[in-house]
Amino acid sequence: MKSILITGGSRGIGREAAILCGERGWSVGINYVGNRAAAEETAEHVRKAGGKAVLAQGDVAAEKDVVAMFAATEHAFGRLTGVVINAGIVAPASPLADMSVERMQRIFGVNVLGAYLCARECARRLPKNRGGEGGSVVLLSSAAARLGSPFEYVDYAGSKGAVDTLTVGLAKELAAEGVRVNAIRPGLIETDIHASGGEPGRAHRLGVTTPMGRPGTAREVAEAIVWLLSDAASYTTGAILDVSGGR
Ligand code: NAP
């Protein structure tokens with residue numbers, strides 16, 4: 001029985017990961033920032049699947065919100081044994097020359113500062129020398145970290161490069177204290193994130209050009225997340241796993 005917090009657990013990849021945790025009978029803290037109805041729907045799916053769920057509203061870019069979402073999940077289910085640092089955003093496709101500083105600050109605020117704040121909270125709570133039971137941290141990077149996303153999202157791509165580096169460093173910091181830290185780099189996955197980037201059909205348009213000839217589903221990424229959370233991945237740490245259909 002594991003106790004898991006998923007940031008951005010209300011929709012997309014985070015929702016599917018929450019449901020798979022529920023199928024294993026695990027307890028899940030579902031963080032969301034604004035879409036409470038979606039978070040409630042996810043919680044209902046988790047309970048129907050056989051798990052427990054609690055909602056934890058908060059912006060991962062705000063330190064006090066991050067502390068509160070970890071505390072709320074631990075209050076409901078006891079010490080965390082797994083965290084999925086999944087919340088992430090894009091902005092409408094644009095060359096770098098046309099990006100405003102406000103846009104870049106928000107992308108780096110959510111995707112980098114948010115990931116670091118959540119990772120720091122993991123480092124304070126999960127390690128055995130800090131009173132934790134050990135556990136598993138899974139970060140959501142992106143294939144963009146190695147492709148660069150020219151003319152679309154070089155800001156987003158760079159933010160995911162930072163997530164890769166955080167994964168490698170934190171894995172080494174926490175390995176001796178029973179905490180594994182890994183990342184997943186999804187490719188083109190059919191979720192709402194592409195609509196927020198201005199092109200709802202982007203995953204399909206580009207997915208057909210990948211080696212596997214199709215976009216991926218949120219469920220296919222969630223399967224990898226739950227494997228990394230599980231004890232079956234007991235010797236895997238510091239790994240960055242591409243789930244991108246060969247892209
Ligand atoms: P999505 O469908 O757009 O869902 C985003 C989730 O993050 C929602 O639950 C949203 O909450 C939450 N969120 C957004 N901003 C937040 C904030 N500031 N604080 C807390 N929660 C916040 O995204 P997705 O496609 O599932 O992506 C999940 C992760 O995978 C992201 O890190 C993304 O960069 C990465 N990824 C996705 C793809 C892809 O093709 N889909 C590819 C590579 C990497 P609300 O419901 O409240 O808005």
Side-chain angles (χ1 to χ4, degrees), residues 2 4-8 13-14 17 29 31 58-67 69-70 73-74 79-90 104-149 153-187 221 224-244:
K2 294 188 187 296
I4 312 288
L5 169 63
I6 303 178
T7 72
I13 292 167
N31 159 252
D59 181 348
V60 293
E63 183 180 22
K64 68 172 179 13
D65 288 13
V66 170
V67 173
M69 68 181 76
F70 275 74
T73 307
E74 290 200 328
R79 278 208 177 269
L80 285 165
T81 49
V83 178
V84 185
I85 300 175
N86 166 76
I89 57 169
V90 297
M104 290 192 267
Q105 280 168 337
R106 187 63 187 153
I107 293 290
F108 281 91
V110 173
N111 296 357
V112 181
L113 182 61
Y116 271 77
L117 288 172
C118 292
R120 188 187 69 180
E121 216 50 40
C122 294
R124 289 177 172 177
R125 293 167 186 263
L126 275 63
K128 289 182 176 163
N129 63 353
R130 294 200 179 237
E133 294 173 19
S136 171
V137 179
V138 182
L139 294 105
L140 270 291
S141 173
S142 170
R146 50 182 174 73
L147 297 170
S149 304
Y153 324 114
V154 293
D155 51 351
Y156 172 83
S159 75
K160 295 301 187 177
V163 168
D164 286 0
T165 305
L166 167 61
T167 302
V168 171
L170 190 62
K172 290 173 180 168
E173 281 197 10
L174 302 185
E177 297 304 329
V179 182
R180 296 180 295 102
V181 183
N182 296 285
I184 291 173
R185 286 194 198 118
V221 181
I225 293 172
V226 171
W227 175 70
L228 286 170
L229 287 173
S230 78
D231 299 340
S234 54
Y235 199 55
T236 303
T237 198
I240 302 175
L241 176 61
D242 285 289
V243 181
S244 59

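The model shown is predicted, which means the values in this text are computed figures rather than measured ones.
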For the pair [X] (side chain) and [Y] (backbone), establish whether a donor and an acceptor sit closer than 3.5 Å, ignoring hydrogens and angles.
| X | Y | answer |
| --- | --- | --- |
| N31 | M69 | no |
| R180 | A233 | yes |
| N111 | G88 | no |
| S136 | L228 | yes |
| D65 | G58 | no |
| T7 | N86 | yes |

Nearest heavy-atom neighbours spanning [X] and [Y]:
| X | Y | answer |
| --- | --- | --- |
| R79 | G132 | CD-CA, 3.8 Å |
| A87 | G8 | CB-N, 3.8 Å |
| P186 | S244 | C-CB, 4.3 Å |
| G109 | A61 | O-CB, 3.4 Å |
| G161 | A145 | N-CB, 3.7 Å |
| L117 | A62 | CD1-C, 4.3 Å |

Could you grab the distance from atom [atom1] of [X] to atom [atom2] of [Y], nearest 0.5 Å is fine?
| X | Y | atom1 | atom2 | result |
| --- | --- | --- | --- | --- |
| I184 | D242 | CD1 | CG | 10.0 Å |
| F70 | L126 | CZ | CG | 8.0 Å |
| L170 | T165 | CG | OG1 | 12.0 Å |
| S142 | Y156 | OG | OH | 3.5 Å |
| T81 | E133 | OG1 | CD | 6.5 Å |
| I89 | I107 | CD1 | CD1 | 4.0 Å |

[X] vs [Y] side-chain heavy atoms within contact, under 4.5 Å:
| X | Y | answer |
| --- | --- | --- |
| V179 | C122 | no |
| L166 | L139 | yes |
| W227 | T236 | yes |

| side chain to side chain contact (heavy atoms under 4.5 Å, CB included) evaluation trace for I240 with V168 | CA-CA 8 Å; I240 302 175; V168 171; 4.3 Å; yes
| query | Stepwise, does the side chain to side chain contact (heavy atoms under 4.5 Å, CB included) test hold for V83 with E121? | reply | CA-CA 10 Å; V83 178; E121 216 50 40; over 6 Å; no
With a 4.0 Å cut-off on N to O distance, would you call [X] and [Y] a salt bridge?
| X | Y | result |
| --- | --- | --- |
| E63 | R120 | yes |
| K2 | D231 | yes |
| R185 | D164 | yes |

| task | Can you spot which of I225, I13, V221 makes a side chain to side chain contact (heavy atoms under 4.5 Å, CB included) with V243? | result |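 The residue from I225, I13, V221 that satisfies side chain to side chain contact (heavy atoms under 4.5 Å, CB included) with V243 turns out to be V221.
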| request: Run the numbers on L140 and V163 for side chain to side chain contact (heavy atoms under 4.5 Å, CB included), then give the verdict. | output: CA-CA 8 Å; L140 270 291; V163 168; over 6 Å; no
